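Everything numeric here is computed off the predicted structure, so don't read it as measured data.
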Amino acid sequence: MEAILFLGCNVPIRNLNYEISTRAISKILGLKLLDFSNTSCCGYPLKNSNKKKSLFMAAQILAKVKNQNLPLITLCSACAGTLNEARYILTTNTKIKKEINEKLAPLKLKYNPKVKVKHFIHFLLEDIGLRKIKNKIIYKLKDFYFAPHYGCHYLKPTTILRSQDNPENPQTLKNLISITGAKSIKYNSLNDCCGGGLIGINKDLALTMAKNKLTELSNKKVTALTLICPFCNVMYEGQQKSIMKKSKINSRVPILYITQLLGLALGLTPKELGFKLNRSKPKDLLNKFKNKHID
Amino acid sequence: MISLNKSDHNFKNELSYKYDEKNIKACSLCGICNNCCPISKQNNDYDPRQIIYLILLGQKQKILSSPLIWLCSSCYTCQDNCPQKVCLTDIFIDIKNLAFKLDYAPSSIKKIENFLKKFNKILTISNFENEKRLKLKLPLLEIDEID
């Protein structure tokens, strides 16, 4: 099985553990990842100021996909949301499509409606399937408790993403966590927005939004908060120290990417999954895997 | 204080980006948007229903100059929950785009716009990033030219 990997601009610079663990588990699952030629932005940060420019950036990426039969995979939920939205607009609105194609023409590009965009987690669920992943699991992570965080743009808007999840009661990450033998915990702030979209506009408000989840989880029995988006990571891992200090909370919440969690269950070592780069490490989990793979 | 004399009744029609769904005029002001909005929960001054109401009243200037419109995190929760299928998040993006043109945007938004114009991305790649990637056996990336 093959797919094209679009890294976007955040993951290949600031979230290398996400990239490393994605590449590592893909290999085990028999998925060949072909790298998208460049690391330009998907257009998401421009939506607030100029949605037409944002759409044009997204359209350029879609038009640059060489093998249109393969799905374009993203690791960032904002990339998945923006590229899928662009695809939706360009497929349903012929006037905008014509305008965009006129702008793409001098770059010798043309939008092709065949390109499919998927978040890597959606690809795991829909194209590889839970059963195949489960069959490859070597180590059961029983006795560990993970809190899934879905984030906004993995689930919404439903009219465009058409994901199998109900945003009010999402299940897909829970299912992925459960096949490893670990427990996916229920918690009140499950559906909270991380606040990442506001960090540059109103930092206090953004930090308050992330704080609620971190505060709740710091009082629960949880091995790690499990993420699927680098912007959520900016809030929950990158800003965690200052949030906890401000809130006078002494404990911390370990953070990992779901690809790292799956990787351990699939038999990869913490080193092969880039755990060295996690700033808030799930120490209990890593201790269990310290002495594995010696033989 | 809302002055209806200063209303621009065409304002609601300027916000045209509706994906063929029911548009803003279908809003029944039920307030579900405000109830489910994660920003409203943290900041009482932020009220998506109020913004929609002001648009329907044609209060263009009042809305575009308000710093509150920039607090929407574009999470799409209100849009997903609206029983009248009003595309609230998309409308709020339209409003921010109009406000940006009139120079009401916070400085961080302008900075992002300028940076993206120059580099086509918000984070650039130099030798430093590639050295790090090399150590981790990750494929090297094209280096961005920075003056």
Side-chain angles (χ1 to χ4, degrees), chain A residues 7-10 12-14 16-17 19-20 23 35 37-41 43-54 57 60 78 81 88-89 92-93 151-153 155-161 167-168 191-202 205-206 208-209 212 274 276-277, chain B residues 17 19-21 36-39 41-43 46 67 69-81 85 87 89-90 92-94 96-97 99-101 105-113 115-117 119-126 128-130 132-133 136-139 141-142 144:
Chain A
L7 289 168
C9 50
N10 189 325
I13 297 179
R14 296 237 177 112
L16 297 170
N17 49 354
E19 184 183 342
I20 290 170
R23 290 184 190 275
D35 284 286
S37 55
N38 65 35
T39 57
S40 63
C41 168
Y44 174 77
L46 272 182
K47 259 172 114 177
N48 276 335
S49 54
N50 191 330
K51 72 178 184 199
K52 278 206 169 159
K53 263 194 210 166
S54 163
M57 282 186 92
Q60 277 184 66
Y88 185 88
I89 298 168
T92 54
N93 193 322
C152 301
H153 301 122
L155 301 168
K156 295 170 282 187
T158 40
T159 40
I160 288 172
L161 294 180
E168 297 295 315
N191 292 340
D192 274 15
C193 165
C194 70
L198 289 175
I199 187 85
I201 298 167
N202 186 327
L205 180 60
T208 310
M209 296 186 65
N212 291 342
K276 208 179 163 189
L277 298 165
Chain B
Y17 193 179
Y19 305 132
D20 305 320
E21 299 277 353
C36 64
C37 171
I39 308 294
K41 284 189 190 116
Q42 308 300 336
N43 183 333
Y46 184 77
I69 58 172
W70 299 97
L71 298 187
C72 169
S73 71
S74 300
C75 72
Y76 287 96
T77 308
C78 56
Q79 179 157 324
D80 241 48
N81 283 292
K85 295 198 163 75
C87 295
T89 313
D90 296 324
F92 297 154
I93 287 168
D94 274 5
K96 285 183 266 185
N97 281 196
F100 181 83
K101 269 192 205 157
S107 58
S108 61
I109 303 277
K110 288 176 216 160
K111 274 185 204 157
I112 288 175
E113 162 99 9
F115 198 87
L116 274 163
K117 206 183 271 173
F119 298 111
N120 230 21
K121 52 175 79 171
I122 52 169
L123 293 166
T124 50
I125 292 155
S126 66
F128 174 77
E129 276 77 28
N130 263 345
K132 211 164 142 190
R133 293 180 63 86
L136 295 163
K137 294 180 187 145
L138 286 168
L141 304 167
E142 208 176 302
D144 294 302

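Heavy atoms closer than 4.5 Å to chain B are found nowhere in Lys276(A), neither backbone nor side chain. Contact of Asn93(A) with chain B is not made at all, since no heavy-atom distance falls under 4.5 Å. Only the side chain of Asp35(A) comes within less than 4.5 Å of a heavy atom of chain B; its backbone N, CA, C and O stay farther away. For a residue to count as touching a neighbouring chain, one of its non-hydrogen atoms must lie under 4.5 Å from one of that chain's; by this rule Pro157(A) touches chain B with backbone and side chain alike.
Taking both residues in full, the closest heavy atoms of Cys75(B) and His153(A) are given as CA-NE2, 4.4 Å, listed atom of the first, atom of the second, then distance. Nearest heavy atom pair, residue Cys72(B) against residue Leu198(A), reads O-CD2, 3.9 Å. Considering every non-hydrogen atom in both Ser108(B) and Gly200(A), the closest pair reads OG-O, 2.7 Å. A pairwise comparison of heavy atoms in Arg133(B) and Pro12(A) identifies NH1-O, 3.1 Å as the closest pair.
From Thr208(A), atom OG1 reaches atom NZ of Lys41(B) across 14.5 Å, with rounding to the nearest 0.5 Å. One distance of note links CG of Asn202(A) with OH of Tyr46(B); it measures 12.5 Å at 0.5 Å rounding. With values rounded to the nearest 0.5 angstrom, Asn50(A) atom CG is found 12.0 Å from Ile93(B) atom CD1. Interatomic distance, Ile89(A) CD1 to Asp90(B) CG, rounded to the nearest 0.5 Å: 7.5 Å.
For the pair Ser74(B) and Lys47(A), the minimum side-chain heavy-atom distance is 4.5 Å or more. Side-chain contact check for Leu136(B) versus Leu277(A): some heavy-atom pair is nearer than 4.5 Å. The side-chain heavy atoms of Met209(A) and Gln42(B), taken from C-beta on, include a pair separated by under 4.5 Å. Side-chain contact check for Trp70(B) versus Asn48(A): some heavy-atom pair is nearer than 4.5 Å. Proximity of Leu116(B) to Pro45(A): side-chain heavy atoms (C-beta onward) are separated by under 4.5 Å at one or more points. For the pair Glu142(B)/Thr39(A), no side-chain contact is recorded, criterion being any heavy-atom separation below 4.5 Å from C-beta on.
The backbone N or O of Thr158(A) sits less than 3.5 Å from a side-chain atom of Asp80(B), completing a donor-acceptor pair.
Side-chain contact annotation: Asn120(B) with Ser40(A), donor-acceptor N/O pair under 3.5 Å absent.
When each of Lys111(B), Glu129(B), Lys137(B) is checked for heavy-atom pairs under 4.5 Å with chain A, Glu129(B) comes out on top. Note: Ile125(B) leads Asp144(B), Thr89(B), Asn43(B), Ile125(B) in heavy-atom pairs under 4.5 Å with chain A. Among Asn130(B), Ile112(B), Leu138(B), the residue making the largest number of heavy-atom pairs under 4.5 Å with chain A is Leu138(B). Between chain A and the residues Leu141(B), Asn81(B), Leu71(B), the largest count of heavy-atom pairs under 4.5 Å involves Leu71(B). Counting heavy-atom pairs closer than 4.5 Å to chain B, the top-ranked of the candidates Asn191(A), Leu7(A), Asn10(A), Ile201(A) is Ile201(A).
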Are Lys51(A) and Asn97(B) close enough, and set up right, to give a side-chain hydrogen bond (donor to acceptor under 3.5 Å, both in side chains), and what steps lead you there? CA-CA 7 Å; Lys51(A) 72 178 184 199; Asn97(B) 281 196; 5.4 Å; no
